[in-house]
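The next block holds one structure in the form of structure tokens; read it before the comments.
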2 protein chains.
Amino acid sequence: MSLRHAMLGLLADQPASGYDLMKRFETSLSNAWPATQSQVYGELGKLAKAGLLEVAAEGPRGRKEYAITDEGRAELHHWLTETPPGTVRRSEALLRVFFLNHLTPVEATAYLMGEAERAAGHHKALEEVERKVDWGDDALSVNGRLALEYGLRFTAMREEWARWAAEELMKSRER
Amino acid sequence: MSLRHAMLGLLADQPASGYDLMKRFETSLSNAWPATQSQVYGELGKLAKAGLLEVAAEGPRGRKEYAITDEGRAELHHWLTETPPGTVRRSEALLRVFFLNHLTPVEATAYLMGEAERAAGHHKALEEVERKVDWGDDALSVNGRLALEYGLRFTAMREEWARWAAEELMKSRER
DNA sequence: TGATTCATGTAAGCGGTTACATGATTAT
DNA sequence: ATAATCATGTAACCGCTTACATGAATCA
């Protein structure tokens with residue numbers, strides 16, 4: 001149930017509509033926890049019904065601006081401090097590694113080199129973000145930079161690993 | 001639809017029952033693609049109906065041993081070589097980083113240090129696996145070692161990042 | 001006036017988790 | 001005997017994705 005907490009976290013900074021939240025998901029959270037429009041609107045309704053949010057204002061085009069309640073803040077705090085983060089991680093890319101023996105050496109190497117390039121591309125994209133965003137000293141900038149650094153280290157690690165793995169495979173094929 | 005390909009990949013090595021597959025998921029694939037018992041049995045039925053698997057033999061206790069068909073092998077090969085790996089990665093741990101500003105400095109640091117320790121623990125567990133498994137020169141050993149190395153690098157990276165992030169947070173709080 | 005942006009919602013379907021339910025065979 | 005292991009299946013539920021559906025307000 002991380003989506004609801006992601007939304008509570010965003011709304012803890014300032015009130016927003018579903019539409020606003022979607023934009024914020026796309027720009028900041030998309031690499032950690034993507035969400036779709038229908039999901040966001042659905043969850044807004046549930047959170048309001050549960051008393052964790054309330055409709056603070058209504059605007060043109062049926063716009064509903066949601067604000068977090070004290071109960072919502074308490075739930076966010078509880079989630080952040082009392083519950084251990086879920087650790088279930090699925091990686092389709094890693095899964096494939098287990099089946100590389102069903103490919104020819106050429107195909108397997110091609111896959112790993114492709115992985116290296118995908119990681120490198122992702123890394124470059126993150127560097128681009130780092131350059132374009134003007135980072136302030138505000139809380140969101142600080143947190144965003146921490147998350148970005150995680151992404152940079154992760155993509156770098158993935159590229160290095162993939163190149164290493166390609167070499168390992170070649171070595172073991174020689175034997 | 002990675003589960004079906006994970007199952008095809010396992011069955012490409014040798015025929016197995018649902019029960020066998022479950023054990024293999026638990027030992028080798030659990031870190032890349034966990035699966036539950038009900039999922040495995042359900043998918044076996046679907047794959048057999050689709051002609052990618054067939055019941056090769058029946059044993060005691062209603063045991064059904066499934067074998068991959070040529071069609072199944074073709075599908076596995078197609079998946080491995082023609083389709084790009086899905087890249088959707090959700091990380092609850094990273095998501096929380098975006099909301100660290102809603103915690104006190106003490107709480108936030110505690111969270112990051114906890115992350116570092118969780119990563120270190122996971123790292124140690126993988127080292128334990130490395131020590132206990134007797135790695136041969138067979139295909140599964142080679143692939144397994146590649147995947148294990150990925151895990152080792154990943155957990156090391158996470159620990160380092162978390163310690164770095166905790167320091168960064170302290171620095172920015174001083175200002 | 002016509003395109004773009006803002007804005008909200010519903011419905012079908014899929015993959016995954018948890019829990020329930022049953023029973024045969026083998027090892028102690 | 002009885003406990004552990006082997007073995008298969010079903011049902012309810014939840015979160016997420018995709019697609020559909022509608023329309024008001026603003027900008028060029």
Side-chain angles (χ1 to χ4, degrees), chain A residues 1-8 10-11 15-27 29-50 53-66 79 83 85-92 95, chain B residues 1-8 10-11 15-27 29-50 53-66 79 83 85-92 95:
Chain A
M1 282 204 307
S2 292
L3 175 70
R4 65 188 310 136
H5 295 111
M7 291 171 60
L8 288 172
L10 290 175
L11 289 168
S17 67
Y19 192 84
D20 295 338
L21 285 177
M22 270 312 295
K23 277 190 290 182
R24 289 215 243 160
F25 264 96
E26 277 155 26
T27 54
L29 299 189
S30 59
N31 284 307
W33 205 271
T36 62
Q37 178 254 23
S38 61
Q39 228 182 328
V40 166
Y41 283 106
E43 198 63 38
L44 277 174
K46 285 182 210 164
L47 284 167
K49 208 168 157 190
L53 300 181
E54 61 186 4
V55 179
E58 306 206 16
R61 281 167 292 208
R63 175 188 171 93
K64 278 183 266 182
E65 198 165 75
Y66 290 87
W79 176 68
T83 66
T87 173
V88 189
R89 45 187 69 262
R90 287 188 157 81
S91 167
E92 199 190 314
L95 175 62
Chain B
M1 286 204 306
S2 292
L3 175 70
R4 66 188 308 138
H5 296 110
M7 292 171 60
L8 287 173
L10 289 175
L11 288 168
S17 68
Y19 191 84
D20 295 338
L21 285 178
M22 271 311 295
K23 277 191 289 182
R24 289 215 243 160
F25 264 95
E26 276 154 30
T27 53
L29 299 188
S30 60
N31 283 306
W33 206 271
T36 62
Q37 178 256 22
S38 60
Q39 227 182 330
V40 167
Y41 282 106
E43 198 64 38
L44 276 175
K46 285 182 209 165
L47 284 167
K49 209 169 158 189
L53 300 180
E54 59 186 6
V55 179
E58 305 206 16
R61 281 166 292 208
R63 175 188 170 93
K64 279 182 267 181
E65 197 165 74
Y66 290 87
W79 176 68
T83 66
T87 174
V88 190
R89 41 188 73 260
R90 289 188 156 80
S91 168
E92 199 189 315
L95 175 62

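First the proteins, then the strands, lettered A, B, ... as listed; each starts at 1. All values below come from the heavy atoms of this structure, side chains included, with hydrogens, waters and symmetry mates left out.
No side-chain heavy atom of Leu10(A) sits less than 4.5 Å from a side-chain heavy atom of Asp20(A). Looking at heavy atoms from C-beta onward, Met7(A) lies in side-chain contact with Val40(A) at the 4.5 angstrom threshold.
Remark: P of dA7(D) and CD of Glu26(B) are 14 Å apart, rounded to the nearest angstrom. If you take OH of Tyr41(A) and P of dT22(D), they are 17 Å apart, rounded to a whole angstrom. Atom CZ in Arg63(A) sits roughly 14 Å away from atom C1' in dA24(D) (whole-Å rounding). Rounded to whole angstrom, the span from the CD atom of Glu43(A) across to the C1' atom of dC16(D) amounts to 11 Å. For Met22(A) and dT18(D), the CE to P distance is 12 Å, given to the nearest whole Å. If you measure from atom NZ of Lys23(B) to atom C1' of dT5(D), you get 9 Å, rounded to the nearest angstrom. Trp33(A) places its CH2 atom 11 Å from the P atom of dG15(D), with the value rounded to the nearest Å. Between Tyr19(A) atom OH and dA24(D) atom P the separation is 17 Å, expressed in whole Å.
If you check every strand for non-hydrogen atoms under 4.0 Å, Arg4(B) touches nothing. Using a 4.0 Å heavy-atom criterion, one finds that Ser38(B) contacts the bases of the nucleic acid, with or without backbone contacts as well.
A donor-acceptor contact shorter than 3.5 Å is absent between the side chain of Tyr19(A) and the backbone of Lys64(A). Checked by atom type and distance alone, the side chain of Arg89(B) never pairs as donor or acceptor with a backbone atom of Asn31(A) at under 3.5 Å.
Salt-bridge annotation for Arg63(B) and Glu65(B): present, with a side-chain N of the basic residue lying under 4.0 Å from a carboxylate O of the acidic one.
Distances were taken from every side-chain heavy atom of Thr36(A) (C-beta onward) to each of dT17(D), dA25(D), dA7(D); the shortest belongs to dT17(D).
Smallest separation of non-hydrogen atoms from Arg24(B) and Pro15(B): NH2-O, 4.2 Å. Nearest heavy atom pair, residue Ala6(A) against residue Leu29(A), reads CB-CD1, 4.1 Å.
If you walk DNA chain C from 5' to 3' and mark each nucleotide with an atom closer than 4.0 Å to a heavy atom of chain B, the marks span dG15(C) to dT25(C).
Residues Arg61(A) and Ala35(A) both approach DNA chain D. Their nearest nucleotides, taken by heavy-atom distance, put Ala35(A) toward the 5′ side. Ranked by how close their nearest DNA chain C nucleotide is to the 5' end, Glu65(A) and Leu3(B) are led by Glu65(A).
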